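Have a look at the structure below before the remarks.
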Amino acid sequence: LKANKTYYMVVSPNWSVNQIPYEGYSISSKLLINNPGDKYEENDLPEQAKDLPAKGVEANFAMPNDVDTYYFTAKQTATYGVKFIRTQPTTALKNKYGEELLAPIYGEIVITEDVNKNRKLDENEYERSSYIWNYTAEGMTTGSFKAKKNQSYFVSTYGMIDSNSGISLLPYKLNIDKVNRKDEDAGSKVKNNTPSKPIALKKKNSKSYAATAYLNTGYQNGDTDWFTYKATKTEQATITLNAGAEIDGIIEVYKNGKRVAKSDYYGQGDKEILSLKLTKGTYYIK
């Protein structure tokens, strides 16, 4: 319930089964939590939007049909990634609120450009909205949008509550960060499944090699990176691609221009793992 609001409660018997409370009934209430909202409330409307901190926010959907609106200003023209993460209920939260007030939540994000930067959502600005509804069962919502330098945007966060009560005090985290655009192998040309400038896997220890790269934006069918590994003898190897919760990755291995192995078994958010036998020679991992 919100402060300074008047509420009405209606009580009636279940008419379909002819229930009549012959002995009367009583209604009682008990205060569970005072001021359960986050520090950014009230921010339901664009005019109430709070500035989005550079480090992101941690907040909650404390009221039924709660909307949290933030105001984001881009420091440079770039593609920005948006990530909404449902937190896990800690022991402290369970002790404070109980299980019934910590139902799972899912986030939907709407990004709307504030063209004239008056911190009001004008009618002609609705058509400048981007919708980020790609969420997972684990409560993560991810997406991206293009932003112009010094331009401001409303970031409206809508909560879907997996509970009949429509209320959850489970916190969420929301971040907006510039996406890395420097492609590690941008100058590499691939001919006959052989890259001209592959990324070398570097030795970590006697049995492990590794490299780090980005799946960059701006590619019509997604970015592809090529790595190289030189086997000096016959050996058994395991290749692992860990691309984070947003990606469903694929591994392909080539030797002498021919594909010798492929792994596309695991889903979004899982590591892609490929085991294979290597013989002496140079391998290219796509």
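The structure presented is a predicted model; accordingly, all values stated were derived computationally and were not measured. We use all heavy atoms of the structure for the numbers below, so side chains are in, but hydrogens, waters and symmetry mates are not.
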Ser263 side chain to Ile273 main-chain N or O, any donor-acceptor pair under 3.5 Å? yes

In terms of hydrophobic clustering (I, L, V, M, F, W, Y; side-chain heavy atoms under 4.5 Å; direct or indirect links), are Leu52 and Val110 co-clustered? no

Measure from the ring center of Tyr229 to the ring center of Tyr209 and say whether it is less than 6.0 Å. yes

Met9 and Ile27: CA distance, side-chain angles, deciding distance, side chain to side chain contact (heavy atoms under 4.5 Å, CB included) verdict: CA-CA 10 Å; Met9 177 185 294; Ile27 297 176; 4.0 Å; yes

Does any donor atom in the side chain of Ser152 or Thr73 lie under 3.5 Å from an acceptor atom in the other side chain? yes

Ionic contact status for Asp38 with Lys50, cut-off 4.0 Å: no

For Phe145 together with Tyr153, are the ring centres under 6.0 Å from each other? yes

Grab the two heavy atoms, one from Pro89 and one from Leu102, that are nearest each other, plus how far apart they are. CB-CD1, 4.1 Å

Is the backbone N or O of Pro36 less than 3.5 Å from a side-chain atom of Asn60, with the two atoms forming a donor-acceptor pair by type? yes

Any chance NZ of Lys117 has more than 12 other-residue heavy atoms, nucleotides or ligands included, within less than 6.0 Å? yes

Please check if the number of heavy atoms outside Asn205 that lie under 6.0 Å from its CG is greater than 12. yes

Main chain of Lys55, side chain of Asn175: is a donor-acceptor contact present, judged purely on distance under 3.5 Å? yes

Are Ile250 and Glu272 side-chain neighbours, meaning at least one heavy-atom pair lies under 4.5 Å? no

Residue pair Asn193 / Gly257: nearest heavy atoms and the distance that separates them: ND2-O, 3.0 Å

Crowded around Lys173 NZ? As in, over 12 foreign heavy atoms under 6.0 Å? no

Look only at the side chain of Ser168 and the backbone of Ala103, and say whether a donor-acceptor pair between them is shorter than 3.5 Å. yes

Do other residues, nucleotides or ligands put more than 12 heavy atoms under 6.0 Å from Tyr7 OH? yes

Run the salt bridge (charged side-chain N to carboxylate O under 4.0 Å, His left out) check on Arg119 and Asp51 step by step: do they pass? CA-CA 10 Å; Arg119 296 186 77 106; Asp51 290 340; 3.0 Å; yes

Decide, yes or no, whether a salt bridge links Glu47 with Lys120 under the criterion of side-chain N to carboxylate O below 4.0 Å. no

Can you tell me if Asn65 has over 12 outside heavy atoms packed within less than 6.0 Å of its CG? no

For the hydrophobic clusters of this structure (ILVMFWY residues joined by side-chain heavy atoms under 4.5 Å, transitively), does one cluster hold both Leu201 and Val190? no

Under a 4.0 Å N-O cut-off, is there an ion pair linking Lys277 with Glu235? no

Where do Asp177 and Ala54 come nearest, in terms of heavy atoms and distance? OD1-O, 4.4 Å

Could you check whether the rings of Phe84 and Phe61 sit parallel, tilted or perpendicular, using 30° and 60° as the cut-offs? parallel

Qualifying residue, where the test is side-chain hydrogen bond (donor to acceptor under 3.5 Å, both in side chains) with Asp68 and the options are Tyr172, Tyr158, Tyr40: Tyr172

I'd like to know if Leu32 and Ile167 are part of one continuous hydrophobic network [Ile/Leu/Val/Met/Phe/Trp/Tyr, side-chain heavy atoms within less than 4.5 Å]. yes

Over all heavy atoms of both residues, which pair between Asp225 and Ala213 is shortest? Give the atoms and the distance, please. OD2-CB, 3.7 Å

Among side-chain atoms of Glu125 and Thr112, is any donor-acceptor pair under 3.5 angstrom? no

Evaluate whether atom CG of Asn124 has more than 12 neighbouring non-hydrogen atoms of other residues, nucleotides or ligands under 6.0 angstrom away. yes

Would Leu278 end up clustered with Leu241 when hydrophobic side chains under 4.5 Å apart are linked, directly or stepwise? yes

So Tyr135 and Tyr106, would you call those rings parallel, tilted or perpendicular, with 30° and 60° as cut-offs? tilted

Under a 4.0 Å threshold between the charged nitrogen and the carboxylate oxygen, would Glu42 count as salt-bridged to Lys2? yes

Rounded to the nearest 0.5 Å, what's the gap from CD1 on Ile111 to OG on Ser144? Could you check? 10.0 Å

Can you list the steps and then say if Tyr254 with Tyr283 is a ring-ring contact (aromatic ring centres under 6.0 Å, His included)? CA-CA 6 Å; Tyr254 293 84; Tyr283 289 83; over 10 Å; no

Under 3.5 Å, is there a donor-acceptor pair between the side chain of Thr228 and the main chain of Tyr284? no

Distance-minimising heavy-atom pair for Ser188 and Pro198: OG-N, 4.2 Å

Please check: side-chain N/O of Asp114 versus main-chain N/O of Asn118, any donor-acceptor pairing under 3.5 Å? yes

